[in-house]
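Step one of this worksheet: look at the structure below.
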Amino acid sequence: MYRRIKNTFGIEAQADKVLEYRTEAELRTFVSALAGESLLHVGAGSNLLFTRDFKGTVLHSGIRYVMPVHEDAEHVWVKAGAAIVWDDLVAYTIARGWSGAENLSLIPGEVGASAVQNIGAYGVEVKDLIEWVDCISLIDGTPRRFAVGECQYGYRTSIFKTDLKGQYAVTYVTYRLDKQFVPHLEYGNLRSELGDKAELTPADVRRAIIDIRRAKLPDPKELGNAGSFFMNPVVSRQKFDDLHALYPQMPHYEVEHGVKIPAGWLIEQCGWKGRSLGAAGVYEKQALILVNLGGATGADILRLCHTIQHDVAERFDILIQPEVNVL
Ligand code: EPU
């Protein structure tokens with residue numbers, strides 16, 4: 001009994017079995033019944049590229065509970081089930097006047113993946129909001145709560161993608177939201193997009209972010225994609241100085257361990273923006289996004305990925321790495 005695995009790239013991929021659980025208890029039952037079998041836990045499939053079928057069982061959370069669990073004068077803590085659509089959670093918090101998540105509006109995917117991937121946009125990362133992450137071991141079904149400090153968060157990474165990869169399913173994430181609104185408007189054209197309105201609300205920022213994203217990012221319902229395909233590379237100060245002398249117009253951001261260069265810019269410089277290789281394409285408005293032009297296989301997308309990596313490495317001596325999980 002093969003079953004199709006959902007993914008926003010629109011790639012055909014099958015698993016032996018696809019199971020959805022509604023509660024932590026049901027997940028533990030599945031884990032003990034499936035002991036020794038290959039398991040793959042997925043979210044909405046918005047950050048996955050399948051290059052083959054999966055010989056094993058795909059698990060997906062159906063936990064959709066959301067509830068404020070604690071508050072003080074300044075904050076409210078909201079516990080959300082892993083299967084809640086991330087942007088629905090953002091809308092829920094903003095509708096109640098709680099802020100902090102507005103810059104992360106419209107990021108595709110579910111709550112569980114937000115904590116695995118450390119989603120980020122417009123100067124905010126979800127690690128800034130997370131208080132703890134509740135998990136169930138996929139090995140023996142034991143529950144474990146990770147405080148944010150234990151999650152080893154970094155740029156688009158966490159312990160769930162590295163040391164503990166494949167070992168835990170996220171069941172709930174608890175986020176700390178603000179009662180007092182402190183806007184984060186430093187990134188790119190966000191401030192100018194908002195105009196000069198005197199009293200900004202989180203809903204205003206959410207609307208501006210949605211407009212910016214809609215104008216620049218393809219809707220997976222119309223054009224298969226997984227958001228940014230590559231991570232933005234961080235290079236040493238020396239390497240940056242050498243490149244900057246050659247390309248004074250190169251955009252860049254100072255970060256902790258060097259200088260971050262937008263991979264979209266590097267790819268565009270190599271002439272790939274809007275170009276394609278068979279049914280795999282580079283999105284015409286944002287070169288960081290690879291798209292399925294119709295009927296692409298995972299191998300087609302991967303071939304385009306390798307070709308772009310090769311061209312960027314040849315021209316800039318930088319190896320850009322996928323952000324998307326390639327399976
Ligand atoms: N740029 C180009 N050409 C392009 C694309 C970008 O020259 O084709 C330049 C832009 O002009 C700008 C710079 O690169 O100077 C940065 O571009 P942008 O603001 O669009 O952001 P990004 O670095 O390409 C990152 C995230 C996005 C997030 C935006 C906004 C990663 C891998 N991507 O993209 O996240 O929405 O910043 O914060 O960090 C995602 O992770 O799926 C994602 C969409």
Side-chain angles (χ1 to χ4, degrees), residues 7-9 43-49 86-87 90 101-110 113-128 153-158 161 184-193 205-206 208-220 223-235 243-244 247-255 259-276 281-291 301 305 308-309 311-312 315-316 318 320-326:
N7 65 94
T8 59
F9 249 126
S46 56
N47 206 42
L48 292 176
L49 176 65
W86 167 257
D87 192 55
V90 178
E102 57 283 349
N103 288 37
L104 305 180
S105 290
L106 213 62
I107 293 184
E110 296 173 355
S114 78
V116 173
Q117 186 67 11
N118 187 22
I119 56 172
Y122 304 101
V124 175
E125 287 184 331
V126 81
K127 73 165 173 53
D128 306 332
Y153 281 124
Y155 169 55
R156 297 294 192 276
T157 189
S158 72
K161 285 184 78 174
H184 297 280
L185 308 177
E186 299 72 34
Y187 190 94
N189 57 342
L190 182 53
R191 196 179 289 274
S192 62
E193 189 76 21
V205 176
R206 173 170 167 77
I209 298 272
I210 288 176
D211 289 348
I212 295 172
R213 292 188 71 98
R214 288 222 168 108
K216 208 158 58 174
L217 308 176
D219 180 349
L223 198 58
N225 76 90
S228 298
F229 191 90
F230 297 99
M231 286 187 280
N232 289 327
V234 175
V235 301
L243 278 174
H244 200 222
Y247 305 97
Q249 76 290 16
M250 181 169 73
H252 57 277
Y253 317 92
E254 305 286 334
V255 291
V259 183
K260 192 183 266 191
I261 301 174
W265 184 85
L266 298 170
I267 296 167
E268 183 173 347
Q269 295 302 305
C270 291
W272 273 107
K273 193 169 183 171
R275 266 178 63 198
S276 55
V282 179
Y283 190 51
E284 61 197 2
K285 295 185 203 159
Q286 178 24 309
L288 199 50
I289 298 179
L290 303 192
V291 293
I301 305 276
C305 158
I308 291 171
Q309 279 178 315
D311 288 3
V312 169
R315 172 132 179 215
F316 297 101
I318 296 174
I320 55 171
Q321 297 289 357
E323 187 213 318
V324 165
N325 297 306
V326 180

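Both counts, for ligands and for their atoms, begin at 1 and track the order of listing.
Within the structure, the closest approach of Tyr253 to ligand 1 falls below 4.0 Å when heavy atoms are considered. Contact analysis puts Arg213 in contact with ligand 1, with a non-hydrogen atom separation below 4.0 angstrom. Under the 4.0 angstrom criterion for non-hydrogen atoms, Tyr283 is not in contact with ligand 1.
Here the protein heavy atom with the shortest distance to atom 6 (C) of ligand 1 is Gln286 OE1, 4.0 Å. Here the protein heavy atom with the shortest distance to atom 10 (C) of ligand 1 is Pro251 CG, 5.0 Å. Regarding atom 42 (O) of ligand 1, its nearest protein heavy-atom neighbour is Ser228 N, 2.9 Å. The nearest protein atom to atom 18 (P) of ligand 1, hydrogens excluded, is given as Tyr187 OH, 3.6 Å; this is a heavy-atom distance.
The contact set between ligand 1 and Ala121, taken as ligand atoms under 4.0 Å from a residue heavy atom, comprises 36 (O), 38 (O).
Between the Ser158 side chain and the Gln117 main chain, no donor and acceptor come within less than 3.5 Å of each other. Under the 3.5 Å distance criterion, the side-chain polar atoms of Trp272 are left unmatched by any main-chain donor or acceptor of Val312.
Partners of Asp128 according to the side chain to side chain donor-acceptor pair (under 3.5 Å) rule, which considers only residues two or more places apart in sequence or in another chain, do not exist here. Residues passing the side chain to side chain donor-acceptor pair (under 3.5 Å) test with Arg213: none are found, sequence neighbours excluded.
Of the listed residues (Leu190, Ile261, Asn232, Leu288), the one carrying the non-hydrogen atom nearest atom 23 (O) of ligand 1 is Asn232. The residue from Gln117, Glu268, Lys285, Arg156 that puts a heavy atom closest to atom 4 (C) of ligand 1 is Glu268.
The shortest N or O to N or O distance between Ala287 and ligand 1 is below 3.5 Å.
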